[in-house]
Structures are given as structure tokens and as C-alpha cells.
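Quick note on labels: first sequence line is chain A, next is B, and so on, each numbered from 1. Please read these numbers as outputs of a predicted model, since none were measured by experiment.
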There are 2 protein chains.
Amino acid sequence: MRYSANHKLETKEKLLQSSAVSAKKSGFSTVGVDGLMKAIGLSGGAFYSHFSSKDELFASIVERELSQSLARLEVDQGRERLERCLKHYLSMAHVETPESGCALPALGAEIARSDLMVRQQAESWICRLQKNWALTLESDSLAWAILSQCIGALVVARMLATPEVQRTVLKSSYDEICRQIA
Amino acid sequence: MRYSANHKLETKEKLLQSSAVSAKKSGFSTVGVDGLMKAIGLSGGAFYSHFSSKDELFASIVERELSQSLARLEVDQGRERLERCLKHYLSMAHVETPESGCALPALGAEIARSDLMVRQQAESWICRLQKNWALTLESDSLAWAILSQCIGALVVARMLATPEVQRTVLKSSYDEICRQIA
DNA sequence: GTCTATACTACGATAGAC
DNA sequence: GTCTATCGTAGTATAGAC
């Protein structure tokens with residue numbers, strides 16, 4: 001073969017990484033196959049050597065992103081560690097750079113409109129994170145509530161126009177969560 | 001004129017209503033001008049007698065939806081009334097019918113990617129709701145936190161595959177919010 | 001104000017050369 | 001595996017008839 005066996009893996013990996021960034025920043029449906037391939041220096045036609053459709057790429061992005069995003073949020077016992085984790089999540093840096101942040105606030109609506117297989121992937125990763133937090137918090141209910149609140153705070157903050165109000169939203173959620181888990 | 005003065009207003013109103021439903025259900029960017037017009041029984045070309053671009057329509061949808069969605073959430077003092085409001089918001093019916101629900105969980109990501117004017121509109125309405133809740137809750141911080149949590153719970157629930165897990169997410173947020181405001 | 005027709009661009013996807 | 005070329009469709013937007 002004219003290309004090494006590893007080359008395909010590397011190209012696919014680059015495509016996944018680059019497409020995930022693009023999707024979190026601008027939305028998945030708004031960027032075409034041609035644009036996704038150009039972003040890694042290839043032509044649009046080459047896409048179909050790696051995925052049989054654009055939807056299949058989205059499923060792979062969701063799988064990859066959730067396993068990475070949510071793994072970074074897992075915590076091994078200790079509320080101080082969880083609090084530090086939340087401070088990082090609820091930061092202006094996270095609001096301003098969706099492309100390098102958690103996939104859930106950025107792709108939530110598009111995942112919701114995807115087919116069952118994608119939503120099952122999402123569910124299994126989200127449940128895994130919830131169980132992890134529930135261990136530390138000693139409450140399933142509180143773990144779900146905090147998880148929802150974190151994602152909601154980012155969605156809300158990103159919709160706003162004024163950095164100061166954005167900061168207020170983030171700080172409010174952080175403060176109230178700390179109060180809850182104290 | 002061959003059409004009454006009122007006819008234009010009525011058509012525009014029908015277009016706004018129908019497009020808002022479509023946007024909340026399927027996303028705004030995924031439906032074309034032609035589809036939006038066909039949904040109210042008109043041809044695509046007639047669109048530009050009402051809006052100069054598709055983006056202008058989106059701005060109008062956001063304005064209209066937020067003024068309506070958020071007005072329904074305003075509450076005049078009394079935590080029981082707020083609790084009933086939240087129970088309604090955090091319901092499976094709301095998860096399953098985004099087209100008739102709140103615009104924030106459904107359009108959040110698209111609003112976030114819109115230009116400044118749209119985000120300013122969003123901010124002013126969201127701040128108004130926050131101030132209203134803060135009056136009842138006697139806490140600005142708690143009002144922001146609960147607002148974020150409600151939106152987040154809907155975003156999360158809609159991403160999931162299993163109704164039972166969806167119900168758990170909703171109930172957890174409801175329970176924890178009630179605990180906070182008790 | 002709405003229609004049909006159209007210009008122009010972009011989309012997802014495929015075919016064949018290398 | 002990647003390229004160029006292409007098919008068929010659908011996108012936003014405009015022009016001119018009624």
C-alpha cells in the first residue's frame with residue numbers, strides 16, 4: 001500500500017480532533033465535510049475513506065469527546081477536589097473557549113436531536129460521571145442536580161452579552177453549589 | 001393595495017410562530033427559508049417581504065420567544081408559586097415537547113453563536129427573570145443558580161436515551177431546588 | 001404580498017485516476 | 001489514501017409578472 005497502516009489511524013485521529021473543535025465552536029451542522037477536511041489539509045473527497053457519512057463522524061465525535069471531557073471531571077473522593085474541579089468548569093476561560101471545553105454545553109442540543117445510538121452513548125458517559133460524583137457527595141440526587149447546574153450555567157453564560165453578567169452567573173452557581181455540599 | 005394592511009401583520013405573526021416552533025424542535029439553522037414558508041402555506045420567495053434575511057428572522061424569534069417564555073416564568077412573591085412553576089418546567093412533558101417549551105434550552109447554543117444584538121436581547125430578558133425570582137428568593141445568587149439549573153436539567157434530560165433516567169434528572173433538580181429554597 | 005423562475009453557492013456523497 | 005471532477009439536491013437571495 002502507498003500509505004502506511006499507521007497513516008490512516010493518524011489521519012482519522014486528526015480529523016476527529018479537528019472536527020470536534022470545530023463542532024464545539026461553531027456547531028456540527030454548520031460546517032461542511034469539505035471544510036472539515038480542508039482544516040486538516042485534505043480534500044473533501046478523502047473524507048469517505050474514514051467515515052461512511054457525516055452522521056457517523058458525529059457519533060464518533062460524541063463518543064470521543066464525552067469519554068475525554070467527562071474523564072477529566074471524575075474525582076476520587078474528597079469534596080475539596082470536587083470544588084476545585086467545579087471552579088475550573090465554571091470559569092470565564094471555559095465560557096470563552098468552547099472549542100477546548102466540555103462537549104455537553106456546546107453540543108447538547110445537537111445530541112438531543114441525534115438518533116438513539118448517539119443518545120445512548122451520551123447517557124452511559126453522563127451516568128458514569130454522575131455515579132462518580134454521587135460517591136463523593138453521598139447523594140445521587142445532589143450529583144444529578146450539580147451536574148445539571150454546571151452545564152446550565154455554561155449554556156446561560158454563553159448566551160449573554162456582558163462579561164460582568166457572565167461572571168455573576170458562574171460565581172452564583174459556584175457559590176450555591178459550595179453551600180449545598182458544605 | 002391588493003392585500004389589507006392587517007394581512008401583512010398576520011402573515012408575519014404566523015411566520016414567526018411557525019418558525020419558532022420549527023427552530024425549537026429541529027434547530028434554526030437546519031431548516032431552510034423555503035421550508036419555513038411552506039409550513040405556513042406560502043412560497044419561499046415571499047419570505048423577503050417580511051424579513052431582509054434569515055438572520056433577521058432569528059433575531060425576531062429570539063425576541064418574541066424570550067418575552068413569552070420568560071413572562072410565563074415570572075412569579076409574584078410566594079415560594080409555593082415558584083415551586084409549582086418549577087414543577088411544570090421540570091416535567092417530562094417539557095422534555096418531550098421542545099417545540100412548545102422554553103426557548104433557552106432549545107436555542108441556547110445557537111443564541112450563543114449569534115451576533116451581539118441577539119445576545120443583548122437575550123441578556124435583558126434573562127436578567128429580568130432573574131430579578132423577578134430574586135425578589136421571591138431574597139437572593140440574587142440563588143436566583144441565578146436555580147435559573148441555570150433548570151435550563152441545564154432540560155438540556156441534560158433531552159440528551160438522554162432512557163425516559164427513566166430523564167425522570168431522575170428532572171426530579172433530582174426539583175428536589176434539590178426545593179431543599180435550597182426551604 | 002405572493003408567485004414562478006432563476007442566479008449562485010454550498011451541501012453530502014460517488015467515480016475514476018494516481 | 002487522496003486527488004479532481006461530478007452528480008443531484010438544497011441553501012440564501014433576487015427579479016419580474018400578477
Trainee: From NZ of Lys12(A) over to C1' of dT2(D), roughly how many Å is that when rounded to an integer?
Mentor: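 To the nearest whole Å, that distance equals 16 Å.
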
Trainee: Looking at side-chain heavy atoms only, is the closest gap between Arg119(B) and Glu123(B) below 4.5 Å?
Mentor: no

Trainee: With respect to the side chain of Tyr48(B), which nucleotide from dT2(D), dG12(C), dA13(D) is positioned closest?
Mentor: dA13(D)

Trainee: Taking the nucleotide of DNA chain C with the nearest heavy atom to each, does Thr30(A) or Gly44(A) sit closer to the 5' end?
Mentor: Thr30(A)

Trainee: Taking the side chain of Lys54(A) as heavy atoms from C-beta outward, which of dT2(C), dT2(D), dA13(C) is closest to it?
Mentor: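 Among the listed nucleotides, the one closest to the side chain of Lys54(A) is dA13(C).
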
Trainee: In terms of side-chain heavy atoms of Tyr3(A), which of dA13(C), dT12(D), dT2(D) is nearest?
Mentor: dT2(D)

Trainee: Quick one: Asp34(A) CG to dT9(D) P, roughly how many Å, whole number?
Mentor: 20 Å

Trainee: Heavy atoms under 4.0 Å, any strand shown: does Gly32(A) hit a base, just sugar-phosphate, or nothing?
Mentor: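 Contact class for Gly32(A): sugar-phosphate only.
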
Trainee: How long is the line joining NE2 of His7(A) and P of dG1(D), in whole Å?
Mentor: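 After rounding, the gap between these two atoms is 9 Å.
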
Trainee: For the side chain of Lys8(B), counting heavy atoms from C-beta on, which of dA13(D), dG1(C), dT4(C) is nearest?
Mentor: dG1(C)

Trainee: With the threshold set at 4.0 Å, does a side-chain nitrogen-carboxylate oxygen contact exist between Glu74(A) and Arg128(A)?
Mentor: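 So Glu74(A) pairs with Arg128(A) through a salt bridge.
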
Trainee: Indicate yes or no: at least one non-hydrogen side-chain atom of Ser91(B) is less than 4.5 angstrom from one of Tyr174(B).
Mentor: no

Trainee: What is the distance, to the nearest angstrom, from the CD1 atom on Ile40(A) to the C1' atom on dC3(D)?
Mentor: 14 Å

Trainee: Do Trp125(A) side-chain atoms and Gln120(A) backbone N/O form a donor-acceptor pair below 3.5 Å?
Mentor: no

Trainee: For the pair made of CZ in Phe47(B) and P in dT4(C), what is the distance, rounded to whole Å?
Mentor: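 Answer to the nearest Å: 18 Å.
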
Trainee: Looking at dT14(D), dT2(D), dT2(C), which one has an atom nearest to any side-chain atom of Ser49(B)?
Mentor: dT2(C)

Trainee: Calculate the interatomic distance between Asn6(A) atom CG and dG1(D) atom C1'; express it in whole Å.
Mentor: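 After rounding, the gap between these two atoms is 14 Å.
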
Trainee: Met37(B) has an atom CE; how far is it from atom P of dG11(D), in whole Å?
Mentor: 14 Å

Trainee: In whole Å, what is the span from the CG atom of Leu36(B) to the C1' atom of dT12(D)?
Mentor: 12 Å

Trainee: Looking at dT2(D), dT2(C), dA13(C), which one has an atom nearest to any side-chain atom of His50(A)?
Mentor: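 Shortest atom-to-atom distance from the side chain points to dT2(D).
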
Trainee: Can you check whether Thr11(B) has a side-chain N or O nearer than 4.0 Å to OP1 or OP2 of dT2(C)?
Mentor: yes

Trainee: Does this structure show an ion pair linking Arg179(B) with Asp175(B), if we count only N-O contacts that are shorter than 4.0 Å?
Mentor: no

